[in-house]
Number of protein chains: 2
Amino acid sequence: MSRRDEIAAEARALLETEGEEALTMRNLAARIGIQAPSLYKHVSGRREIETLLAAAALKEISETLGSQPDLPSMGRSYRAWALANPALYRVATTRPLDRENLPEGIEEKAAAPLLQALDGDPDLARAAWSLAHGLVMLELDGRFPDGADLDAAWSAGLSALG
Amino acid sequence: MSRRDEIAAEARALLETEGEEALTMRNLAARIGIQAPSLYKHVSGRREIETLLAAAALKEISETLGSQPDLPSMGRSYRAWALANPALYRVATTRPLDRENLPEGIEEKAAAPLLQALDGDPDLARAAWSLAHGLVMLELDGRFPDGADLDAAWSAGLSALG
DNA sequence: AACTCAGGCTAACACAGTTAGCCAAGAAAA
DNA sequence: TTTTCTTGGCTAACTGTGTTAGCCTGAGTT
């Protein structure tokens with residue numbers, strides 16, 4: 001494993017174990033056993049680390065979705081992945097990602113299963129993606145009232161679209 | 001106008017004219033003609049300023065939505081408001097908001113028009129809200145491909161739900 | 001044996017939020 | 001009228017952030 005890969009792996013571990021605000025250059029370096037400026041010998045900056053994380057996350061999400069037979073189970077998988085990796089989901093999804101340094105075609109690949117499940121209708125696919133993203137973000141941000149039945153909201157939304 | 005209100009107003013102006021990352025305590029203070037630490041005589045910190053902004057934004061959004069006759073025009077209004085106030089929308093919507101310092105019942109009030117338009121079905125209302133939020137966030141973050149017909153995506157999604 | 005260079009290091013900078021503590025002007029109380 | 005208290009400014013400073021400059025060492029190449 002190259003140092004660069006190690007950086008990405010440790011960044012992810014840091015994110016998952018200690019939360020988003022713990023992902024700092026110094027924390028990350030310490031975890032590797034290095035000084036923060038040395039990170040710049042392998043990576044152009046914090047932004048690039050986040051891009052690496054986003055790429056990994058998109059890949060995982062697309063694989064998860066690709067193995068599901070229908071729209072409702074895609075929804076369940078999407079939500080489950082996001083709740084299991086909340087900080088990573090945020091990083092991968094929340095900021096504008098710089099497509100320059102992102103592997104070619106990874107976005108299309110992530111979108112493909114959804115598009116297929118909706119008979120190739122791009123408008124419906126975008127709506128479904130947005131619905132899933134919105135539901136996840138609002139849940140992660142604690143925006144729904146305490147007793148809200150989110151399973152029901154997912155079902156209601158996805159069955160209307162599908 | 002109290003200093004506190006002035007702070008909120010200038011914070012919003014700063015956000016709208018120079019973007020999210022320009023909203024710093026020092027910038028804000030300078031705009032008012034004050035030193036940064038003096039802000040703390042009126043406000044407990046940056047977080048509280050953001051809460052003030054979120055409250056104002058939620059109020060505006062709920063008023064905007066409340067004046068619309070049906071779900072599709074609510075969608076158009078919601079999107080238009082978000083695109084006209086992107087940084088404010090993000091601040092109001094993106095982080096977990098501390099309900100302690102938020103005016104009582106403002107969240108319910110923001111949700112009410114949507115709930116009414118969907119015959120009081122809370123699951124459908126949450127789905128519709130999530131759909132709108134997801135569409136807006138993904139658009140603001142530039143996640144849709146360049147030529148994507150977002151009007152069509154909004155229509156497809158909302159007409160399926162409504 | 002000399003050289004190059006990858007990959008560490010320390011020191012430092014600019015800027016973030018925030019705290020401590022001082023001080024002046026005006027309001028309230030004696 | 002004089003004294004006291006409170007409000008709301010100020011400067012200095014601390015910690016933590018990303019990042020840059022520049023040095024140095026050790027391994028591999030010529």
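Note that these values count all heavy atoms, side chains included, but never hydrogens, waters or copies made by symmetry. Letters A, B, ... are given to chains in the order of the sequence lines, protein chains preceding strands, and every chain is numbered from 1.
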> So, do B:Trp81 and B:Val136 sit near enough that their side-chain heavy atoms are less than 4.5 Å apart?
Replying inline: no
Return no unless some side-chain N or O of [X] is found under 4.0 Å from OP1 or OP2 of [N].
| X | N | result |
| --- | --- | --- |
| B:Arg3 | D:dG9 | yes |
| B:His42 | D:dT7 | no |
| A:Ser38 | C:dC9 | yes |

> Would you say the side-chain atoms of A:Thr51 and A:Asp98 include a donor-acceptor pair closer than 3.5 Å?
Replying inline: yes
State which of [options] makes the closest approach to the side chain of [X].
| X | options | answer |
| --- | --- | --- |
| B:Lys41 | C:dG21, C:dA16, C:dT19 | C:dG21 |
| A:Thr24 | D:dT17, D:dA12, C:dG17 | D:dT17 |
| A:Ile34 | C:dG8, D:dC10, D:dT19 | C:dG8 |

> Between A:Arg26 and A:Gln35, which has a closest nucleotide on DNA chain C that is more 5'?
Replying inline: A:Gln35
Provide, to the nearest angstrom, the distance between the [atom1] atom belonging to [X] and the [atom2] atom belonging to [N].
| X | N | atom1 | atom2 | result |
| --- | --- | --- | --- | --- |
| B:Leu39 | D:dT7 | CG | C1' | 15 Å |
| B:Glu48 | C:dT18 | CD | C1' | 14 Å |
| A:Leu28 | D:dG16 | CG | P | 18 Å |
| A:Arg46 | D:dG18 | CZ | P | 5 Å |
| A:Tyr40 | D:dT17 | OH | P | 12 Å |
| A:Glu21 | C:dA16 | CD | C1' | 16 Å |
| A:Met25 | C:dG8 | CE | C1' | 15 Å |
| B:Ile7 | D:dG8 | CD1 | P | 10 Å |

> Mapping A:Ser44 and A:Asn27 onto DNA chain D by nearest heavy atom, which one lands closer to the 5' end?
Replying inline: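 It is A:Asn27, whose closest nucleotide lies nearer the 5' terminus.
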>> Tell me whether A:Ser38 contacts the main-chain N or O of A:Ile34 through its side chain, where contact means a donor paired with an acceptor under 3.5 Å.
In response: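 Not at all, since once roles are kept as given, no pair shorter than 3.5 Å links the two residues.
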> Would A:Arg95 and A:Glu20 satisfy salt bridge (Lys or Arg N to Asp or Glu O under 4.0 Å), going step by step from the backbone distance to the final call?
Replying inline: CA-CA 13 Å; A:Arg95 10 188 156 284; A:Glu20 190 166 4; 3.0 Å; yes
>> Over all strands shown, is B:Ile32 touching base, sugar-phosphate only, or nothing at heavy-atom distances under 4.0 angstrom?
In response: nothing
>> Check for me whether the distance between the ring centres of B:Trp129 and A:Phe144 falls short of 6.0 Å.
In response: yes
